Participant: 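For reference, the structure I am asking about is given below.
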Amino acid sequence: MNPDGPRNILEVGSPTSAAHPPYDGVRATDPVRLIPYGWVRQTRPGGTVSAVLGTWQEGAGRVELTVLPDGTAEGRITGRAAVPRPSRPPFLPGWSGADDTGRPTDTSPTLLNDPTPAFLVQLAFPEAWFWVTTGEDLESVYCLSVPGASAQIQDDTYGWTVHQGGRPALWDEIEQLLAAWQEAGRPDLTAVRLRVTADTQTAWVPGHPALRWEKRLV
C-alpha cells in the first residue's frame with residue numbers, strides 16, 4: 001500500500017466504486033451481522049477493513065480492522081454507530097406462548113436500550129432480532145428472537161416476567177451475559193477487540209473470559 005499515491009479503496013454499496021482487488025482498504029456503511037471474510041481476503045496486508053457491526057438501532061459499533069500477513073484481520077470497536085430502525089420480524093419457529101408459565105427475572109430488559117449491552121448481545125447472537133411492543137394492558141413487552149427460539153419479557157407492575165420457548169433458552173443466556181458485563185465493571189463497547197479468520201469471527205473484552213464470543217463464518 002502506497003500512502004503517497006492514490007489508494008485502491010472498495011466502497012461497499014457504492015455504485016460508482018471502481019476499485020479492484022487486492023484492495024488497500026474496504027469501507028462499508030451498511031450494517032452487517034458478521035464481518036465477511038471476503039473483505040479481508042481481498043485486502044492487502046496492512047490494509048484496513050472499516051464497517052458497522054450490529055443491526056439494532058441502539059446497538060451497533062464501528063469496526064476498524066487491520067489485515068495481517070497471514071490473511072487474518074484484527075482490530076477493535078472504535079465507537080458507536082447509528083443504523084436505521086429495522087422492521088419488526090414475525091416470531092421465528094420455536095416460539096410458543098404456551099410452552100411455559102413464565103418466571104420472574106431480576107434482569108431488566110431495559111438494559112438492552114443501552115448501546116453497549118445491546119451490542120454485546122448481538123456478538124453472542126448475531127442473528128437476533130430485538131423490538132419493544134405494548135401488551136394488552138398497555139405494559140411494555142421486550143421481544144427477542146433467533147432461529148429456533150424466542151423470548152418475551154413483560155412488565156407486570158411488580159417486576160419483569162419472562163416467557164421463552166425453543167432452544168437455546170434465550171433469556172437465560174442473555175441474563176448470564178449481562179451479569180458478566182456488570183461484574184466486569186460495565187465496560188464500554190470500545191473495549192471490544194475483534195479477530196476475523198477464514199472460518200470465524202472472535203470478539204472479546206480483554207481480561208474477562210466470560211465476555212468472549214466465537215462465531216462461525218458461513
Side-chain angles (χ1 to χ4, degrees), residues 11-14 26-36 39 49-65 75-95 105 107-135 138-155 160 162-164 166 168 170-182 184 186-194 196 201 203-205 211 213 215 217:
E11 300 278 358
V12 177
S14 170
V26 173
R27 296 187 190 131
T29 55
D30 290 340
V32 294
R33 297 177 184 268
L34 293 165
I35 301 297
W39 294 350
V49 174
S50 304
V52 175
L53 183 62
T55 59
W56 298 4
Q57 189 176 31
E58 297 298 333
R62 297 190 179 279
V63 179
E64 294 286 343
L65 302 174
R76 59 188 291 267
I77 307 303
T78 61
R80 300 172 183 177
V83 301
R85 182 184 296 276
S87 59
R88 189 182 76 176
F91 284 121
L92 294 174
W95 166 259
T105 175
T107 304
S108 172
T110 60
L111 284 171
L112 299 182
N113 294 329
D114 183 301
T116 294
F119 181 71
L120 299 184
V121 168
Q122 290 176 90
L123 293 179
F125 300 99
E127 297 179 307
W129 291 81
F130 168 61
W131 69 100
V132 182
T133 188
T134 303
L138 302 182
E139 76 278 15
S140 296
V141 181
Y142 286 70
C143 306
L144 292 125
S145 188
V146 298
S150 295
Q152 287 186 340
I153 307 90
Q154 182 173 337
D155 184 354
W160 295 97
V162 56
H163 296 266
Q164 57 188 338
L170 190 54
W171 190 247
D172 291 4
E173 297 204 13
I174 291 174
E175 282 178 321
Q176 295 175 25
L177 185 159
L178 295 177
W181 172 69
Q182 291 171 316
R186 297 180 173 232
D188 186 70
L189 58 81
T190 55
V192 173
R193 300 298 183 263
L194 204 74
V196 177
Q201 172 184 289
W204 71 96
V205 177
L211 299 176
W213 307 273
K215 298 298 171 183
L217 297 177

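Sequence positions, counted from 1, serve as the residue numbers for this chain. All heavy atoms count here, side chains included; hydrogens, waters and symmetry mates do not. What you see is a predicted model; the values in this text were computed from it and never measured.
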Participant: Closest heavy-atom contact between F130 and V132?
Facilitator: CZ-CG2, 4.0 Å
Participant: Using the salt bridge (charged side-chain N to carboxylate O under 4.0 Å, His left out) criterion, which residues pair with R76? Sequence neighbours excluded.
Facilitator: none
Participant: Does D188 have any salt bridge (charged side-chain N to carboxylate O under 4.0 Å, His left out) partners at least two apart in sequence or in another chain, and if so, which?
Facilitator: R80
Participant: Quick one: pull up CD in Q122 and NZ in K215 and give me the separation to the nearest 0.5 Å.
Facilitator: 12.5 Å
Participant: Keeping T116 on the side-chain end and L189 on the backbone end, is there a donor-acceptor pair under 3.5 Å?
Facilitator: yes
Participant: side-chain contact (heavy atoms from CB on, under 4.5 Å) for W39 and V196? Distances and angles first, verdict last.
Facilitator: CA-CA 10 Å; W39 294 350; V196 177; over 6 Å; no
Participant: Enumerate, atom names and distances included, each donor-acceptor pair closer than 3.5 Å involving a side-chain atom of residues 26-35, sequence neighbours excluded.
Facilitator:
from, atom 1, to, atom 2, distance (Å)
R27, NH1, E11, OE2, 2.9
R33, NH1, P126, O, 3.0
R33, NH1, A128, O, 3.2

Participant: Residues two or more places apart in sequence or in another chain: which of them pass salt bridge (charged side-chain N to carboxylate O under 4.0 Å, His left out) with E173?
Facilitator: none
Participant: Does any non-hydrogen side-chain atom of L170 lie less than 4.5 Å from one of S150?
Facilitator: no
Participant: Quick one: list whatever passes side-chain contact (heavy atoms from CB on, under 4.5 Å) with A191, sequence neighbours left out.
Facilitator: P187, V205
Participant: Which value, rounded to the nearest 0.5 Å, describes the distance between H163 atom NE2 and C143 atom SG?
Facilitator: 11.5 Å
Participant: I need the L111 CG to Q182 CD distance, nearest 0.5 Å.
Facilitator: 5.5 Å
Participant: Between L177 and L211, what is the shortest heavy-atom contact and its length?
Facilitator: O-CD2, 4.2 Å
Participant: Is any side-chain heavy atom of V192 closer than 4.5 Å to a side-chain heavy atom of L120?
Facilitator: yes
Participant: Do we see a donor-acceptor contact under 3.5 Å between the side chains of S50 and E64?
Facilitator: yes
Participant: Might you point out which heavy atoms bring T107 and W171 nearest each other, and give the distance in Å?
Facilitator: O-CZ2, 3.5 Å
Participant: Looking only at heavy atoms, what is the nearest atom pair of L194 and Q201, with distance?
Facilitator: CD1-CG, 4.0 Å
Participant: What are the two closest heavy atoms between A149 and P168, and how far apart are they?
Facilitator: CB-O, 3.3 Å
Participant: How far does CG of L144 sit from CD of Q164, to the nearest 0.5 angstrom?
Facilitator: 10.0 Å
Participant: Please step through side-chain contact (heavy atoms from CB on, under 4.5 Å) for the pair V121 and L112, ending with a clear verdict.
Facilitator: CA-CA 8 Å; V121 168; L112 299 182; 3.8 Å; yes
Participant: Drop me the distance from S145's OG to W131's CH2, to the nearest 0.5 angstrom.
Facilitator: 5.0 Å
Participant: Indicate yes or no for a side-chain donor-acceptor contact from Q152 to the backbone of V141 under 3.5 Å, with no hydrogens or angles considered.
Facilitator: no
Participant: Which pair of heavy atoms, one from G54 and one from V83, lies closest together, and at what distance?
Facilitator: O-CG1, 4.0 Å
Participant: Heavy atoms, side chains only, cut-off 4.5 Å: are F119 and I77 in contact?
Facilitator: yes
Participant: Side chains of E175 and T105 only: does a donor on one sit below 3.5 Å from an acceptor on the other?
Facilitator: yes
Participant: Report the residues that fulfil ring-ring contact (aromatic ring centres under 6.0 Å, His included) with W160, sequence neighbours left out, ordered by chain and then residue number.
Facilitator: Y142
